[in-house]
A.B. asks: 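Below is a structure I'd like to ask you about.
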2 protein chains.
Amino acid sequence: MLEVICIKESRVPEVVIRRLALYLRALSQIDASESAFVSSQELAAKVGVTAAQVRKDLAMFGEFGKQGVGYHAGFLREEIARILKADRTIEFVIIGAGELGIALGRYTLRKYESEQAYPFMLTAMFDIDPAKVGHKVAGISVRHISEMARIVNERCIGMALLTVPESAAQSVIDLLGETRIKAVLNFAPTRLVAPRGIRVHNADVSLDLHHLAFFL
Amino acid sequence: MLEVICIKESRVPEVVIRRLALYLRALSQIDASESAFVSSQELAAKVGVTAAQVRKDLAMFGEFGKQGVGYHAGFLREEIARILKADRTIEFVIIGAGELGIALGRYTLRKYESEQAYPFMLTAMFDIDPAKVGHKVAGISVRHISEMARIVNERCIGMALLTVPESAAQSVIDLLGETRIKAVLNFAPTRLVAPRGIRVHNADVSLDLHHLAFFL
DNA sequence: TAGATTGTTAATCGATTAACAATC
DNA sequence: TAGATTGTTAATCGATTAACAATC
């Protein structure tokens with residue numbers, strides 16, 4: 001007789017992670033001002049989901065509440081931040097120093113400097129165009145793409161924003177396969193074949209526009 | 001005996017609409033070059049879903065294929081474009097002429113001018129800052145927010161991109177309640193309470209970053 | 001203790017996948 | 001006709017909601 005030992009593949013649905021980010025944001029807003037405890041009901045109302053869903057989502061990661069009382073807002077915020085790795089500084093790079101890349105670079109750097117708990121720090125920007133190399137974006141120099149792999153690996157950077165033209169996106173992500181980059185946010189309107197070990201999310205404005213136009 | 005006439009509330013799941021936009025993009029790419037017909041299998045492979053899903057999605061809107069043959073690529077592209085309202089020019093405005101607003105304005109205008117079938121046309125930009133009013137973005141003048149309602153209504157514009165700071169986003173969308181705007185793409189990192197009849201989608205980079213950081 | 005709210009199990013709902021008769 | 005592929009129905013899967021015992 002064969003006993004199969006099933007390793008509980010603790011698979012967390014994507015939607016749960018996304019909602020966790022919403023809970024974190026809501027908790028960051030109430031923490032200081034209101035009472036020290038929040039119920040799943042209150043948190044749910046702020047985020048726009050059901051109380052049962054809040055409890056279910058949190059239950060995937062542990063027991064954070066007290067029966068009859070609710071969740072300690074500060075503690076829950078810290079725990080969710082830990083789960084989402086937002087309790088440490090996350091360095092990232094931007095590849096593609098066009099208008100969108102520069103706008104996102106300035107935006108995130110400003111947030112990092114002004115918001116206490118904002119964890120994402122832009123560390124470097126890259127472009128293939130020699131005319132752009134050397135240009136400074138909010139204090140960060142744009143470097144040539146050929147330096148990318150070395151710099152990313154030296155500084156152990158795991159995250160990249162991809163703001164290159166559609167035609168360049170696939171070749172850039174192929175380059176990233178040789179680096180420590182593990183997560184990529186792709187702004188190019190194209191489906192990328194990701195190298196093994198790299199997770200790609202798409203932030204495609206054209207797709208959002210098409211989606212919205214359906215409701216006109 | 002009472003006969004209940006059930007109006008088939010043709011509720012289309014959000015994910016289906018999103019995939020429709022992906023099918024449209026894939027079809028636009030193959031149309032000219034390859035064979036005139038595509039099977040659900042081929043289309044599925046290009047988009048990264050199953051063939052059954054392609055057929056199921058399309059079946060929600062009609063019968064577009066021929067058994068044993070597949071779908072005529074050009075015809076299917078036109079039909080999906082019609083469903084997504086991408087068969088006509090969709091005028092939209094950008095509210096908030098900061099860096100992100102300007103970058104998105106230039107990006108979409110360039111696409112509109114260079115891509116044959118790109119349906120989204122930026123018609124006006126607005127800001128509350130008098131220093132920004134009058135400035136031109138790729139030929140489009142930035143106007144004061146106080147002119148927004150009048151211009152949007154005169155030109156029957158239904159779509160808006162919201163690129164104002166988080167603190168201003170809710171008051172702007174309240175203003176939109178008085179206009180013909182029906183769909184809003186919100187870039188501010190905050191949940192908006194939409195006026196009746198307005199559909200809001202969020203394009204929140206911070207949320208995407210949190211989501212991705214989970215996988216580091 | 002009494003009231004409230006969690007964590008969890010069971011019921012429901014909806015979306016995806018598989019399968020196949022219809023038919024080009 | 002024979003082979004292929006659709007449109008659709010049934011089976012599966014997974015996520016959401018409801019309900020409630022446990023307990024603060």
Side-chain angles (χ1 to χ4, degrees), chain A residues 6 8-23 26-27 30 34-80 83 211 214, chain B residues 6 8-23 26-27 30 34-80 83 211 214:
Chain A
C6 177
K8 191 68 178 306
E9 239 262 51
S10 80
R11 172 100 184 73
V12 182
E14 297 277 308
V15 276
V16 173
I17 300 165
R18 196 143 270 269
R19 282 195 297 264
L20 242 40
L22 292 173
Y23 303 152
L27 287 165
I30 60 165
E34 290 162 56
S35 127
F37 282 85
V38 268
S39 64
S40 55
Q41 188 60 251
E42 290 172 276
L43 192 51
K46 287 199 191 294
V47 167
V49 298
T50 65
Q53 189 148 68
V54 169
R55 296 200 299 276
K56 203 99 207 288
D57 287 345
L58 295 176
M60 297 204 76
F61 301 94
E63 306 189 358
F64 305 112
K66 278 206 206 20
Q67 279 105 324
V69 183
Y71 303 89
H72 183 84
F75 173 71
L76 184 60
R77 181 175 51 66
E78 278 172 25
E79 287 296 299
I80 296 178
I83 294 164
H211 191 163
F214 176 81
Chain B
C6 178
K8 192 70 180 304
E9 236 263 51
S10 80
R11 173 96 185 75
V12 181
E14 296 278 308
V15 276
V16 173
I17 300 166
R18 197 144 269 270
R19 283 195 297 263
L20 242 39
L22 292 173
Y23 303 152
L27 288 165
I30 60 166
E34 288 161 58
S35 127
F37 283 83
V38 268
S39 64
S40 56
Q41 188 60 251
E42 291 172 276
L43 191 50
K46 288 202 190 292
V47 167
V49 299
T50 65
Q53 189 147 68
V54 169
R55 296 200 299 275
K56 202 96 206 290
D57 288 345
L58 296 176
M60 296 204 76
F61 300 95
E63 306 190 359
F64 305 112
K66 278 204 201 29
Q67 278 105 325
V69 182
Y71 304 88
H72 182 82
F75 173 72
L76 185 59
R77 180 175 50 68
E78 278 171 25
E79 287 297 299
I80 295 178
I83 293 163
H211 191 163
F214 176 81

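Order of the sequence lines fixes the chain letters, A, B, ..., with proteins taken first and strands second; residue numbering starts at 1 for each chain.
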A.B. asks: Which of these nucleotides, C:dG7, D:dG7, C:dT6, is closest to any side-chain atom of B:Glu63?
C.D. replies: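 Output: D:dG7.
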
A.B. asks: Just the rounded figure in Å: distance from P of D:dT5 to CG of B:Leu76.
C.D. replies: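 Rounded to the whole Å, the gap is 16 Å.
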
A.B. asks: If you apply the rule side-chain contact (heavy atoms from CB on, under 4.5 Å), what do you find for B:Leu22 with B:Val49, and how did you get there?
C.D. replies: CA-CA 10 Å; B:Leu22 292 173; B:Val49 299; 5.9 Å; no

A.B. asks: More 5' along DNA chain D: A:Val49 or B:Ala52, using each one's nearest nucleotide?
C.D. replies: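 So the residue in question is B:Ala52.
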
A.B. asks: Would you kindly give the CD-to-C1' distance between B:Gln41 and C:dA18, to the nearest whole Å?
C.D. replies: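 Rounded to whole Å, this separation is 13 Å.
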
A.B. asks: Nearest-Å distance, CE (B:Met60) to C1' (D:dT8)?
C.D. replies: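 Checked: the CE to C1' distance equals 13 Å.
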
A.B. asks: Given that both distances must come in under 3.5 Å, which nucleotide forms a Watson-Crick or G-U wobble pair with C:dT23?
C.D. replies: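 With both distances under 3.5 Å, C:dT23 matches D:dA4.
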
A.B. asks: What nucleotide among C:dT8, C:dT16, D:dT6 has an atom nearest to a side-chain atom of B:Arg19?
C.D. replies: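 Ranking C:dT8, C:dT16, D:dT6 by closest atom to the B:Arg19 side chain puts C:dT16 first.
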
A.B. asks: Expressed in angstrom and rounded to an integer, what is the separation of B:Lys56 atom NZ from D:dT12 atom C1'?
C.D. replies: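 Atom NZ in B:Lys56 sits about 12 Å away from atom C1' in D:dT12.
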
A.B. asks: If the test is side chain to side chain contact (heavy atoms under 4.5 Å, CB included), which one of B:Val16, B:Ile83, B:Leu20 qualifies with A:Phe214?
C.D. replies: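 Filter result, single survivor: B:Ile83.
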
A.B. asks: Report the base-pairing partner of C:dC13 (Watson-Crick or G-U wobble, both distances below 3.5 angstrom), or none.
C.D. replies: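 Checking every strand shown, C:dC13 finds its partner in D:dG14, with both distances under 3.5 Å.
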
A.B. asks: In this structure, how many angstroms lie between the C1' atom of C:dC24 and the CZ atom of B:Phe64, rounded?
C.D. replies: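 Taking CZ of B:Phe64 and C1' of C:dC24, I get 18 Å after rounding.
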
A.B. asks: So, the side chain of B:Glu78 versus the backbone of B:Phe75: is there a donor-acceptor pair under 3.5 Å, distance only?
C.D. replies: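 No; judged by distance alone, with no hydrogens or angles, the pair does not exist.
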
A.B. asks: Is any side-chain N or O of B:Gln67 closer than 4.0 Å to OP1 or OP2 of C:dA22?
C.D. replies: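 False: B:Gln67 side-chain N/O out of range (4.0 Å or more) of C:dA22 OP1/OP2.
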
A.B. asks: Roughly, in whole Å, what's the span from NE2 in B:His72 to P in C:dC24?
C.D. replies: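 In whole Å, C:dC24 P lies 18 Å from B:His72 NE2.
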
A.B. asks: I need the CG-P distance between A:Asp57 and D:dG14, as an integer number of Å.
C.D. replies: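 Nearest whole value for this atom pair: 17 Å.
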
A.B. asks: Could you give me the CA-CA distance, side-chain angles and deciding distance for B:Val47 and B:Val54, then say whether side-chain contact (heavy atoms from CB on, under 4.5 Å) is met?
C.D. replies: CA-CA 9 Å; B:Val47 167; B:Val54 169; over 6 Å; no

A.B. asks: Looking only at side-chain atoms of A:Ser39, point me to the closest of D:dT17, D:dA10, C:dT6.
C.D. replies: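 So the nucleotide nearest the side chain must be C:dT6.
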
A.B. asks: Figure out the CD/C1' separation between B:Glu14 and D:dA15, and round it to whole Å.
C.D. replies: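 From B:Glu14 CD to D:dA15 C1': 16 Å.
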
A.B. asks: Would you say C:dG7 has OP1 or OP2 under 4.0 Å from some side-chain N or O of A:Tyr71?
C.D. replies: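 For A:Tyr71, the contact criterion (side-chain N or O under 4.0 Å from OP1 or OP2 of C:dG7) is met.
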
A.B. asks: Are B:Asp57 and B:Tyr23 packed together at the side-chain level, in the sense that at least one heavy-atom pair is separated by less than 4.5 angstrom?
C.D. replies: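 The answer is yes, as the side chains (C-beta and beyond) meet within the 4.5 Å cut-off.
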
A.B. asks: Which nucleotide sits closest to the side chain of A:Arg55: D:dT17, D:dC20, D:dT8?
C.D. replies: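 Shortest atom-to-atom distance from the side chain points to D:dC20.
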
A.B. asks: Within the pair B:Thr50 and C:dT16, is there a side-chain N or O less than 4.0 Å away from OP1 or OP2?
C.D. replies: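 No.
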
